[in-house]
Amino acid sequence: MTILITGARGKVGQAIVHRLHSAGVSIRAASADPAELTVPVGVEVAELGLDRPETFEAALRGVGQVFLYPEPDGIDAFIKTAEAAGVEHVVLLSSASVLNPGAETDPLASHSLKVEQALASSDLTCTFLRPDAFASNALGWAYFIGQNLPIQLAYPDADLAPIHSDDLADIAVEALSGGSLKGRSVTLTGAQSLTFREQLAVLSEVLERDIPVVKITHAEAEQQMSQYMPAPIAASLLALWSAASARPAAIADTTQTLLGKPARSFRQWARENAAAFTQR
């Protein structure tokens with residue numbers, strides 16, 4: 001049966017589409033705006049807004065498995081439609097934050113947790129992939145680096161183990177096409193613990209330019225971040241980074257432990273994405 005890939009415009013979704021298509025798997029790439037999708041020739045596309053139940057039935061018709069992005073609005077209707085369509089297995093791109101104390105009320109963690117809880121209460125077989133920090137989060141510094149501006153951080157020594165999006169895609173493909181991960185919940189990281197300061201040092205070496213780091217106060221950072229994201233999200237992120245400054249990041253499952261393949265490093269990610277940090 002067909003595998004439905006939601007969020008197929010995203011980096012991870014695109015990578016999964018290409019991997020499964022190359023393996024000869026029948027897939028359907030879905031997006032709220034399918035006209036914006038770029039997929040290999042022969043890949044079926046579908047309109048699917050995860051908060052728009054009227055799009056569910058057509059997108060799920062003939063589907064046996066789903067790679068799902070977390071969207072609590074509409075999840076109950078999605079599950080009901082998926083069960084009626086004969087879907088057997090859902091691989092959810094969740095978040096390691098669901099394991100944190102207070103996840104039920106945290107504005108970041110609760111988003112994924114609500115979806116996990118709804119799926120766990122369903123008749124569907126579910127695999128929960130819980131990545132921690134993403135290497136691609138470093139793109140948030142791209143504008144400042146491109147403009148030769150210092151990077152201002154309240155917690156420059158927050159310690160994380162960022163995962164490469166291609167590693168996540170490889171693990172998702174195994175969850176959809178193999179049996180070793182089916183029905184499991186796995187926390188995912190990269191293989192190396194790096195502080196923000198160390199990540200910026202890697203970028204500095206790759207780009208062959210100085211990247212000044214300026215420490216600012218928690219309040220200053222919260223004020224800055226609230227200009228481009230909801231204040232509760234900014235507060236949640238800063239609390240996370242504050243806690244991460246007190247201890248080295250734990251290394252969880254990686255492509256090495258799950259697939260027997262060395263995990264891609266942050267340095268590799270930086271080399272592959274160096275152009276994003278050039279002057280704009």
Side-chain angles (χ1 to χ4, degrees), residues 11-12 15 93-103 106 108-109 112 128-142 144-145 150-172 174 181 184-216 218 221 225 233-274 276-277:
K11 197 81 171 177
V12 175
L93 180 60
S94 185
S95 167
S97 64
V98 302
L99 303 174
N100 294 340
D106 182 88
L108 283 174
S112 293
F128 298 150
L129 304 182
R130 295 167 173 164
D132 201 358
F134 289 85
S136 58
N137 290 347
L139 290 172
W141 298 322
F144 303 97
I145 293 173
I151 303 300
Q152 298 184 339
L153 297 170
Y155 300 102
D157 297 307
D159 210 331
L160 308 168
I163 185 171
H164 194 297
S165 60
D166 281 337
D167 281 2
L168 182 51
D170 286 344
I171 293 167
E174 170 61 25
L181 298 179
R184 293 176 58 185
S185 299
V186 288
T187 302
L188 306 173
T189 66
Q192 184 182 15
S193 173
L194 292 169
T195 66
F196 285 143
R197 197 188 301 275
E198 289 168 338
Q199 290 180 42
L200 285 161
V202 170
L203 284 167
S204 178
E205 292 174 15
V206 168
L207 299 171
E208 298 181 340
R209 57 191 295 187
D210 289 334
I211 303 175
V213 178
V214 176
K215 193 175 188 307
I216 59 176
H218 182 110
M225 294 168 65
I233 300 294
S236 179
L237 284 170
L238 286 166
L240 177 69
W241 297 335
S242 175
S245 300
R247 58 186 182 276
I251 305 300
D253 275 312
T254 67
T255 52
Q256 183 67 59
T257 61
L258 296 175
L259 309 179
K261 298 169 52 178
R264 297 169 175 88
S265 67
F266 181 78
R267 183 176 297 275
Q268 178 177 342
W269 180 89
R271 287 172 177 157
E272 293 167 351
N273 292 274
F277 297 89

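Numbers for residues simply follow the sequence, beginning at 1.
- Atom CG of Asp166 sits about 8.0 Å away from atom CD of Gln268, to the nearest 0.5 Å.
- Using a 4.5 Å heavy-atom cutoff, the side chains of Thr195 and Asp159 are in contact.
- Counting only distance, with no hydrogens or angles, the side chain of Ser95 and the backbone of Val98 share no donor-acceptor pair below 3.5 Å.
- Heavy-atom minimum distance, Ala154 versus Leu238: CB-CD2, 4.3 Å.
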Assess whether side chain to side chain contact (heavy atoms under 4.5 Å, CB included) is satisfied between Leu258 and Glu174, documenting all intermediate values. CA-CA 9 Å; Leu258 296 175; Glu174 170 61 25; over 6 Å; no
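- The distance from the CZ atom of Phe196 to the CG atom of Leu160 is 5.0 Å, given to the nearest 0.5 Å.
- One distance of note links CD of Glu205 with CZ of Arg271; it measures 9.5 Å at 0.5 Å rounding.
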List the steps and the verdict of side chain to side chain contact (heavy atoms under 4.5 Å, CB included) for Trp269 and Leu139. CA-CA 11 Å; Trp269 180 89; Leu139 290 172; 3.8 Å; yes
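- Heavy-atom minimum distance, Pro150 versus Phe144: O-CB, 4.3 Å.
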What verdict does the side chain to side chain contact (heavy atoms under 4.5 Å, CB included) test give for Asp253 and Ile171, after you've listed the backbone C-alpha separation in whole Å, the side-chain angles of each residue and the deciding distance to 0.1 Å? CA-CA 10 Å; Asp253 275 312; Ile171 293 167; over 6 Å; no
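- A donor-acceptor pair is defined here as one N or O able to donate and one able to accept, closer than 3.5 Å; no such pair exists between the side chain of Ser165 and the backbone of Val12.
- The two residues Pro131 and Leu93 have their closest heavy-atom pair at CG-CD1, 3.8 Å.
- Closest approach of Ala249 and Ser193 over heavy atoms only: N-OG, 3.5 Å.
- Separating the CG atom in Leu168 from the NZ atom in Lys11 is a distance of 13.0 Å, to the nearest 0.5 Å.
- A donor-acceptor contact shorter than 3.5 Å is absent between the side chain of Asp167 and the backbone of Ala263.
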Report the C-alpha distance between Trp141 and Leu153 in whole Å, list the side-chain angles of each, state the deciding distance to 0.1 Å, and finish with yes or no for side chain to side chain contact (heavy atoms under 4.5 Å, CB included). CA-CA 11 Å; Trp141 298 322; Leu153 297 170; 4.0 Å; yes
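- Atom NE2 of His164 and atom CG of Asp170 lie 10.0 Å apart (nearest 0.5 Å).
- Atom CZ in Phe266 sits 9.5 Å away from atom CD in Gln192 (nearest 0.5 Å).
- Distance alone, capped at 3.5 Å, is enough to place a donor-acceptor pair between the Asp106 side chain and the Ala109 backbone.
- The two residues Pro162 and Phe134 have their closest heavy-atom pair at CB-C, 3.9 Å.
- Nearest heavy-atom pair, Ala161 versus Ala250, reported as atom, atom and distance to 0.1 Å: CB-O, 4.3 Å.
- The neighbour count for Lys215 NZ, taken as heavy atoms of other residues, nucleotides or ligands under 6.0 Å away, is above 12.
- Checked by atom type and distance alone, the side chain of Thr254 never pairs as donor or acceptor with a backbone atom of Ala191 at under 3.5 Å.
- In this structure, the side chain of Ser245 engages the main chain of Trp241 through a donor-acceptor pair within 3.5 Å.
- Using a distance-only test at 3.5 Å, with no hydrogens or angles considered, a donor-acceptor pair links the side chain of Arg209 to the main chain of Ile145.
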